[in-house]
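Note sheet for the following structure.
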Amino acid sequence: MLKSKLTVLCCHYTNEATSQDLSDIPAEIEIKRYPCSGRIEVVDILKAFEDGAEAVLVAGCEKGACHNRTGSARAEKKVELAREILSEIDMNPERVRMAFVPRLDTGAFVAAVKDTFEKLLEIKEEA
C-alpha cells in the first residue's frame, strides 16, 4: 500500500518540527516553508495537489500574532479560494485545511498535521 502524501505550506515562524517529530504519522509529509503564510498563493496550494499531495495544510501564526500583522488572515482567504476551486472540480474541499499555530510551538504544529492526516483518512473512507 502506498503512503498518503500530505503537503504542509507554513510560515517560517510556525514550524520548528523535524522529521522525527512527525515520524509516527504514516504518511509522506512534505513541508514547504515561507517567510510568512500570507505569501502562500492559491496556485501553491493547487500545485501541491498536482505534485501528488492528497491533502494540504496551510499553517500560519495565531490570529492577531502574525509577525507580518495580516499574513495569517491573507492565508486563510487563499485557503477558502482553493476550497472553492476544489469544489468546482469535484474534489472534496476538506482536503485543504488551515491551522493557526502559536509561534514555534512544535506540539501544536504536529497536532495540526496529525489532524489533517486523520481528516484525509476520513475522506478516503467515504470515497
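As the structure is a prediction and not an experimental result, all values here were calculated from the model. Quick note: residue numbers are just sequence positions, from 1.
Rounding to the nearest 0.5 angstrom, the gap separating the CD atom in Glu16 from the OG1 atom in Thr106 is 5.5 Å. Within the model, atoms NZ of Lys47 and NZ of Lys32 stand 7.0 Å from one another, a figure rounded to the nearest 0.5 Å. Expressed to the nearest 0.5 Å, how far OH of Tyr13 lies from OG of Ser37 amounts to 12.0 Å. Note that CD of Glu94 is 4.5 Å distant from CZ of Arg83, once rounded to the nearest 0.5 Å. In this structure, the separation between CD1 on Ile45 and CZ on Arg97 is 13.5 Å, given to the nearest 0.5 Å.
Contact between Cys11 and Cys61 at its shortest, heavy atoms only, is SG-SG, 3.9 Å. Here the shortest heavy-atom pairing between Gly71 and Cys36 reads CA-SG, 3.6 Å. Residue Ile123 comes nearest to Arg95 through the heavy atom pair CG2-NH2, 3.6 Å, listed as atom of the first residue, atom of the second, then distance. The shortest non-hydrogen separation linking Pro93 to Ser87 is CG-OG, 3.4 Å. Across all their heavy atoms, Ala59 and Thr14 have their closest contact at O-OG1, 3.7 Å. Taking both residues in full, the closest heavy atoms of Asn68 and Pro35 are given as ND2-O, 4.1 Å, listed atom of the first, atom of the second, then distance.
One finds a salt bridge joining Asp24 and Lys114 here, because a Lys/Arg side-chain nitrogen approaches an Asp/Glu carboxylate oxygen to under 4.0 Å.
Following chains of ILVMFWY side-chain contacts shorter than 4.5 Å, one cannot reach Leu6 starting from Met98, and the two form parts of different hydrophobic clusters. Side-chain heavy atoms closer than 4.5 Å link hydrophobic residues (I, L, V, M, F, W, Y) into clusters, and following such links, possibly through other members, connects Ile85 to Ile40. Both Leu57 and Val101 belong to a single network of hydrophobic side chains, linked directly or stepwise wherever heavy atoms of I, L, V, M, F, W or Y lie under 4.5 Å apart. Hydrophobic clustering (ILVMFWY, side-chain heavy atoms < 4.5 Å, transitive): Val79 and Tyr34 are in one cluster. The hydrophobic cluster containing Val8 also contains Phe117, counting ILVMFWY residues as joined when their side-chain heavy atoms lie under 4.5 angstrom apart, directly or transitively.
One N or O on the side chain of Lys5 and one on the backbone of Asp51 form a donor-acceptor pair closer than 3.5 Å. In terms of modelled atom types and a separation under 3.5 Å, the side chain of Ser4 and the main chain of Ala27 share no donor-acceptor contact.
Counting only heavy atoms from C-beta outward, the side chains of Leu46 and Leu86 approach each other to under 4.5 Å. In this structure, the side chains of Glu76 and Lys63 come closer than 4.5 Å at one or more pairs of heavy atoms.
Counting heavy-atom neighbours within 6.0 Å of Arg69 CZ, excluding the residue itself, gives a total of 12 or less. In the displayed structure, Arg103 atom CZ is contacted under 6.0 Å by more than 12 heavy atoms of other residues, nucleotides or ligands.
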Before giving the answer on side-chain contact (heavy atoms from CB on, under 4.5 Å), spell out for Phe49 and Val96 the whole-Å C-alpha distance, their side-chain angles and the decisive distance to 0.1 Å. CA-CA 10 Å; Phe49 286 108; Val96 179; 3.5 Å; yes

Just do the side-chain contact (heavy atoms from CB on, under 4.5 Å) check on Lys124 and Glu54 with the steps written out, would you? CA-CA 9 Å; Lys124 289 171 94 172; Glu54 294 177 86; 3.1 Å; yes

Run the numbers on Leu22 and Ile31 for side-chain contact (heavy atoms from CB on, under 4.5 Å), then give the verdict. CA-CA 11 Å; Leu22 301 168; Ile31 298 175; 3.6 Å; yes

Using the rule given for salt bridge (charged side-chain N to carboxylate O under 4.0 Å, His left out), can you reason through Lys77 versus Glu80, listing the C-alpha separation, both sets of side-chain angles and the distance that settles it, and then say yes or no? CA-CA 5 Å; Lys77 289 178 184 175; Glu80 289 305 316; over 6 Å; no

For the pair Lys78 and Asp44, evaluate salt bridge (charged side-chain N to carboxylate O under 4.0 Å, His left out) and give the outcome as yes or no after the intermediate values. CA-CA 10 Å; Lys78 292 170 188 173; Asp44 298 320; over 6 Å; no

